[in-house]
Amino acid sequence: KNSYSIRLNVNDGNDFYAKSLTLTITDVNETPTDLALSATSIAENSATGTEVGTLSATDPDSGNTFTYSLVSGTGDTDNASFTVDGTSLKTATSLDYETKNSYSIRLNVNDGNDFYAKSLTITITDVNETPTDLALSSSSIAENSATGTEVGTLSTTDPDSGDNFTYS
């Protein structure tokens, strides 16, 4: 409510005088109260510059314009792996689930006068990657060996641990 009507009385002991007054409330800018990211996970190996999610702010004032940035402080461990472009949080490097599966960042929203900062965790989702090599433990066998004689053991190099392989 931006105005209040009140009625005041003054009394001098014998007589009184009454008058109606209007109090006008002036708006002041309040600090944003929260910051949100539309998505907090991204698939590993996404190209540098891939959008993680869209930033938004909660603020008691309507009509404010917000500026977002990565800032130092508690939770900023992995800020260098991301960038802010307008309202988008984007990757600044290719992220590898097998190396690191979650990143801690600290974001700030400024409404032109006041700011609010918050730490968020970005989760990297695993993507099945192609094997990178195939090896045979022995590459020679004696001539005239019987059919079915083992030549060697096959093995695979794969960035994903726990995968099962079929050879043909």
**Student:** Output every pair passing side-chain hydrogen bond (donor to acceptor under 3.5 Å, both in side chains) with a member in residues 67-78, not counting sequence neighbours, ordered by first then second residue.
**Tutor:** Asp78-Lys100
**Student:** Only counting residues at least two apart or in another chain, list the ones meeting side chain to side chain contact (heavy atoms under 4.5 Å, CB included) with Val151.
**Tutor:** Leu136, Ile141
**Student:** Return all side-chain donor-acceptor pairs below 3.5 angstrom for residues 53-63, not counting sequence neighbours, or 'none' if the list is empty.
**Tutor:**
{"from": "Thr54", "atom 1": "OG1", "to": "Glu51", "atom 2": "OE2", "distance (Å)": "3.3"}
{"from": "Asp59", "atom 1": "OD1", "to": "Asp61", "atom 2": "N", "distance (Å)": "2.8"}
{"from": "Asp59", "atom 1": "OD2", "to": "Asn64", "atom 2": "ND2", "distance (Å)": "3.2"}
{"from": "Asp61", "atom 1": "OD2", "to": "Glu30", "atom 2": "N", "distance (Å)": "2.6"}

**Student:** With sequence neighbours excluded, give me every salt bridge (charged side-chain N to carboxylate O under 4.0 Å, His left out) pair touching residues 79-92.
**Tutor:** Asp85-Lys90
**Student:** Go through the structure and list residues passing side chain to side chain contact (heavy atoms under 4.5 Å, CB included) with Thr157, not counting sequence neighbours.
**Tutor:**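 For Thr157, the residues satisfying side chain to side chain contact (heavy atoms under 4.5 Å, CB included) (neighbours in sequence not counted) are Thr132, Asp133.
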**Student:** List, by chain and number, the other hydrophobic cluster members for Val28, where Ile, Leu, Val, Met, Phe, Trp and Tyr join if side-chain heavy atoms come within less than 4.5 Å, directly or indirectly.
**Tutor:** none
**Student:** Got Phe82 and Ile122 here, is their nearest side-chain heavy-atom distance under 4.5 Å?
**Tutor:**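 Yes, close enough: below the 4.5 Å cut-off.
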**Student:** Using the side chain to side chain donor-acceptor pair (under 3.5 Å) criterion, which residues pair with Thr156? Sequence neighbours excluded.
**Tutor:**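 Result, side chain to side chain donor-acceptor pair (under 3.5 Å) vs Thr156: Tyr167.
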**Student:** So for atom OH, which belongs to Tyr116, do other residues, nucleotides or ligands contribute more than 12 heavy atoms lying within a distance under 6.0 Å?
**Tutor:**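 Correct, the count exceeds 12.
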**Student:** Sequence neighbours excluded, which residues qualify as ring pair (Phe, Tyr, Trp, His ring centres under 6.0 Å) partners of Tyr97?
**Tutor:** none
**Student:** Test of understanding: with side chain to side chain contact (heavy atoms under 4.5 Å, CB included), list the residues that count as partners of Ser46, not counting sequence neighbours.
**Tutor:**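 Once residues adjacent in sequence are excluded, the partners of Ser46 under the side chain to side chain contact (heavy atoms under 4.5 Å, CB included) criterion are Ile42, Ala43, Thr50.
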**Student:** Would you say Thr91's side chain and Gly49's backbone share a donor-acceptor pair under 3.5 angstrom?
**Tutor:** yes
**Student:** Donor-acceptor pair, distance only, cut-off 3.5 Å: does the side chain of Ser102 make one with the backbone of Thr123?
**Tutor:**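 Not confirmed, Ser102 side chain does not pair with Thr123 backbone.
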**Student:** List for me each residue that meets side chain to side chain contact (heavy atoms under 4.5 Å, CB included) alongside Asn113, sequence neighbours excluded, and say none if there are none.
**Tutor:** Asn29, Asp111
**Student:** For Thr99, what residues pass the side chain to side chain donor-acceptor pair (under 3.5 Å) criterion, not counting sequence neighbours?
**Tutor:** Asp96
**Student:** List for me each residue that meets side chain to side chain donor-acceptor pair (under 3.5 Å) alongside Asp163, sequence neighbours excluded, and say none if there are none.
**Tutor:**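 Asp163: no side chain to side chain donor-acceptor pair (under 3.5 Å) contacts found.
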**Student:** I'd like to know whether CZ of Phe165 has more than 12 heavy-atom contacts from other residues, nucleotides or ligands below 6.0 angstrom.
**Tutor:**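 Enclosed: over 12 neighbouring heavy atoms sit under 6.0 Å from CZ of Phe165.
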**Student:** Any heavy-atom pair between the side chains of Asn108 and Asn110 that's under 4.5 Å?
**Tutor:**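 They are in contact (side-chain heavy atoms under 4.5 Å apart), so the answer is yes.
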**Student:** Side-chain contact test, heavy atoms from C-beta onward, threshold under 4.5 Å: evaluate it for Leu107 versus Val71 and give yes or no.
**Tutor:**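 No, side chains not in contact.
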